[in-house]
Amino acid sequence: MRRPMVAGNWKMHGTRASVVELTQGLGNLSLPSGVEVAVFPPSLFINQVIDGLEGKGISVGAQNSAVLPEQGALTGEVAPSQLAEVGCKYVLVGHSERRQVIGESDEVLNQKFAAAQQSGLTPVLCIGETLAEREAGETLEVVGRQLSSVIDVFGIKAFANAVIAYEPVWAIGTGLTASPQQAQDVHAAIRKQLAAKDAEVAEGVQLLYGGSVKAANAAELFGMPDIDGGLIGGASLNADEFGAICRAAGN
Ligand code: PGA
């Protein structure tokens, strides 16, 4: 059985004070024991959040990491080995905001994916189509291509230690959510693509849905057979709302 997972992507939000408040709020939640819960603060606050959540059963991840695994001369970047050393477990790779706003290519993302795994982090590979691609009927092709770009280079076994987040770009931060069936259809296609290479890996990998998930729609989404949890943006900035989403994943 796959363990459900709920991940909170704080993006570029937070001040020292608001991070203290949010961390305390998360620490006070009663979380379902069977759910893997993780938060992804801005890198500036990672240490603070790791300290604040000690013993609370919530993992911490980074939103980005360098293309090289080890520390060295690479101005402005944070090495995945440094993230692992301070206690991070995960790193997001290929969030659409980084693909689109920062212009990260599949090639760069592959380097980040590999460096993360080499450093002992679990990459959370984010994939998803734009509205124009969905309207053109290209969703499965786009998502399949983003997935293939990793499989073709590193092989299917790379997904024995990775999480995949399907996030339709048109649903991120827009209040528009894919319907549970729309999301399930893509998740099933992703799992099928993986299964064509290795059934065991496909069966074990956690597939998260992201895009305007909130407490009010989480249960319905997480009830679909191939949706193993969520990657939550806006709603993860409120501890009570995030806690309710985690509980939805536990039911
Ligand atoms: P959202 O963001 O929940 O605010 O739509 C999700 C994400 O970008 O990971």
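Because the structure is a prediction, the values reported are computed rather than measured. Just the heavy atoms: all of them, side chains too, but no hydrogens, waters or symmetry mates, feed the values below. Every number for a ligand or one of its atoms is a count from 1 in the order of the listing.
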Atom pairs, nitrogen or oxygen, ligand 1 to protein, under 3.5 angstrom:
unit_1: ligand 1; atom_1: 2 (O); unit_2: K11; atom_2: NZ; d: 3.3
unit_1: ligand 1; atom_1: 3 (O); unit_2: S212; atom_2: N; d: 3.4
unit_1: ligand 1; atom_1: 3 (O); unit_2: G233; atom_2: N; d: 2.8
unit_1: ligand 1; atom_1: 4 (O); unit_2: G234; atom_2: N; d: 2.8
unit_1: ligand 1; atom_1: 5 (O); unit_2: G173; atom_2: N; d: 2.6
unit_1: ligand 1; atom_1: 5 (O); unit_2: S212; atom_2: N; d: 2.7
unit_1: ligand 1; atom_1: 8 (O); unit_2: K11; atom_2: NZ; d: 2.8
unit_1: ligand 1; atom_1: 8 (O); unit_2: H95; atom_2: NE2; d: 2.6
unit_1: ligand 1; atom_1: 9 (O); unit_2: H95; atom_2: NE2; d: 3.3
unit_1: ligand 1; atom_1: 9 (O); unit_2: E167; atom_2: OE1; d: 3.4
unit_1: ligand 1; atom_1: 9 (O); unit_2: E167; atom_2: OE2; d: 2.6

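Scanning for salt bridge (charged side-chain N to carboxylate O under 4.0 Å, His left out) contacts around E203 gives R2, with sequence neighbours left out. Under the salt bridge (charged side-chain N to carboxylate O under 4.0 Å, His left out) criterion, E141 pairs with R145, not counting sequence neighbours.
Using a 4.5 Å heavy-atom cutoff, the side chains of H95 and Q63 are not in contact. Residues V35 and R3 are not in side-chain contact: their nearest non-hydrogen atoms beyond the backbone lie 4.5 Å or more apart.
The ring-ring contact (aromatic ring centres under 6.0 Å, His included) contacts involving residues 168-217 comprise Y166-H187, where partners must be two or more places apart or lie in separate chains.
Taking the six-membered ring where the residue is Trp, the centroids of F45 and F40 are separated by 6.0 Å or more.
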